[in-house]
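Excluded from the calculations below are hydrogen atoms, water molecules and symmetry mates; all remaining heavy atoms, backbone and side chain alike, are included. In each ligand, atom 1 is the first atom listed, and ligand 1 is the first ligand listed. Source: prediction; values computed, not measured.
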Amino acid sequence: YYPWGYDGDNGPDQWHKNYPIAKGRHQSPIEINNKEVHYDRSLLPWFASYDPCAAKTILNNGKTCRVVFDDSFDRSVLRGGPLPGVYRLRQLHFHWGSSDDHGSEHVVNGVRYAGELHLLHWNPKYSNYLDAVRRTDGIAVLAIFLQVGKTPKPEMKRILEEINAIKTKGKEVPFPNFDPSILFPKSHDYWTYHGSFTTPPCEECITWIVLREPIIVSSDQMAKLRSLSKNAENEPDLPLVDNWRPTQPRYFRMVSASFL
Ligand SMILES: C[C@@H](CNC(=O)c1ccc(S(N)(=O)=O)cc1)Cn1ccc2ccccc21
Ligand SMILES: [Zn+2]
């Protein structure tokens, strides 16, 4: 397992040296441009049915803030949309910038958002998560943009209240009784395409479902995420910011839209 990061010598442009798939033809994130998107009226709406009691802990792994869920059975699942069946919710995490004008991974018609929330689900037809990671239909990630605005979504408060308890890398605290679908925007309109993890090992196993409507967060809430550190407790303080991968070439992939 090789160390990787977001800056300097182990940044995104170097990942391919230890993770050759990073230079593959189905990498994420990508630019989503209206002119190149194909409206697919056969796309179904997607549905999330999450059990709030499946939420377990919230942690800082030095790369992001992650909430972990019990995925030992079909307890919290995503279905419909482009998916062939149910996919189990395993974790959610965020990507953000060093200021409000950037931080998202996907870019829509040239617009970078302040951040991006990823809800990661895996296909239970495979025996476990790491097996699903090696399959093109193994993983489904629901991506939701974070846009800075005046009337922030109160539901984000619960996650951000825990930030102080997981300030440094390796910190993990209980995070019980949380249904992440309260974070969803009103509209379920989405784009979908086949891509990869946006971090090493960059496996091309993801059906991306990117929501068109961002959720509104406050500048203070983004600052809260930026107060996380990527170092461990007894190390010099290094702010955990700009944990986003630049957009990758789309090559011959079609991005489908569920809306006109
Ligand atoms: C899947 C990795 C762990 N990474 C992830 O689970 C993961 C999840 C979501 C995203 S995103 N941002 O695309 O939603 C990215 C990464 C474990 N793992 C398995 C093999 C392996 C080899 C080297 C390093 C780590 C390895
Ligand atoms: Zn992510």
Side-chain angles (χ1 to χ4, degrees), residues 1-6 10-12 14-24 26-30 32 48 56-71 76 78 83 87-97 102-107 112-124 126-146 159 169-170 172 180 183 190-211 214-215 225 228 230 240-248 253:
Y1 173 67
Y2 300 93
W4 58 272
Y6 287 96
N10 67 3
Q14 312 298 319
W15 292 351
H16 68 93
K17 291 179 186 158
N18 293 313
Y19 304 98
I21 316 173
K23 273 198 180 302
H26 302 87
Q27 290 292 294
S28 295
I30 58 170
I32 297 172
K56 295 196 302 190
T57 62
I58 186 168
L59 63 91
N60 172 347
N61 64 4
K63 300 277 189 354
T64 185
C65 159
R66 176 188 290 172
V67 176
V68 177
F69 299 86
D70 165 33
D71 61 352
S76 292
L78 181 70
L83 304 176
Y87 281 61
R88 277 186 205 166
L89 175 66
R90 177 180 177 88
Q91 54 111 318
L92 67 80
H93 62 271
F94 297 85
H95 301 266
W96 61 89
H102 68 283
S104 66
E105 298 208 295
H106 291 87
V107 176
R112 285 198 172 287
Y113 288 95
E116 193 168 322
L117 162 60
H118 290 160
L119 293 111
L120 180 124
H121 311 72
W122 58 279
N123 191 335
Y126 300 116
S127 40
N128 57 53
Y129 178 63
L130 287 190
D131 189 23
V133 156
R134 298 181 309 108
R135 316 292 176 150
T136 54
D137 63 347
I139 307 288
V141 177
L142 190 62
I144 307 175
F145 293 117
L146 306 181
I159 291 181
K169 177 180 178 181
E172 182 167 17
L183 298 173
Y190 64 91
W191 295 284
T192 184
Y193 75 97
H194 184 253
S196 74
F197 283 132
T198 65
T199 66
C202 300
E203 301 278 359
E204 298 180 337
C205 57
I206 301 190
T207 300
W208 281 94
I209 300 173
V210 181
L211 299 195
I215 56 174
L225 276 176
L228 288 167
K230 59 184 179 185
L240 175 47
V241 293
D242 286 325
N243 57 354
W244 53 277
R245 185 188 193 185
T247 53
Q248 301 300 304
R253 286 180 284 177

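Looking only at protein N/O/S atoms, the ones less than 2.8 Å from the Zn ion (ligand 2) make 3 in total.
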Considering only N or O atoms, set out every pair between ligand 1 and the protein closer than 3.5 Å, with distances to one decimal place.
residue: ligand 1; atom: 6 (O); partner: Tyr129; partner atom: OH; Å: 2.6
residue: ligand 1; atom: 12 (N); partner: His93; partner atom: NE2; Å: 3.2
residue: ligand 1; atom: 12 (N); partner: His95; partner atom: NE2; Å: 3.2
residue: ligand 1; atom: 12 (N); partner: His118; partner atom: ND1; Å: 3.4
residue: ligand 1; atom: 12 (N); partner: Thr198; partner atom: OG1; Å: 2.8
residue: ligand 1; atom: 13 (O); partner: Thr198; partner atom: N; Å: 2.9
residue: ligand 1; atom: 14 (O); partner: His93; partner atom: NE2; Å: 3.4
residue: ligand 1; atom: 14 (O); partner: His118; partner atom: ND1; Å: 3.4

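Within the 4.5 Å cutoff, no side-chain heavy atoms of Trp244 are placed close to those of Val107. A 4.5 Å side-chain heavy-atom check between Lys63 and Lys230 finds every atom pair outside the cut-off. Between Thr207 and Asp137, every side-chain heavy-atom pair lies at or beyond the 4.5 Å cut-off.
Checked against the 6.0 Å centroid threshold, His106 and Tyr193 count as a close aromatic pair.
With Trp15 contributing its side chain and Gly5 its backbone, the two residues share a donor-acceptor pair below 3.5 Å.
From Leu240, atom CG reaches atom OG1 of Thr64 across 6.5 Å, with rounding to the nearest 0.5 Å.
There is no side-chain donor-acceptor pair under 3.5 Å between Trp4 and Asn18. A donor and an acceptor atom, one from each side chain of His102 and Asp242, are located under 3.5 Å apart.
For the ring pair (Phe, Tyr, Trp, His ring centres under 6.0 Å) criterion with Trp208, the lone passing option out of His194, His26, His118 is His118.
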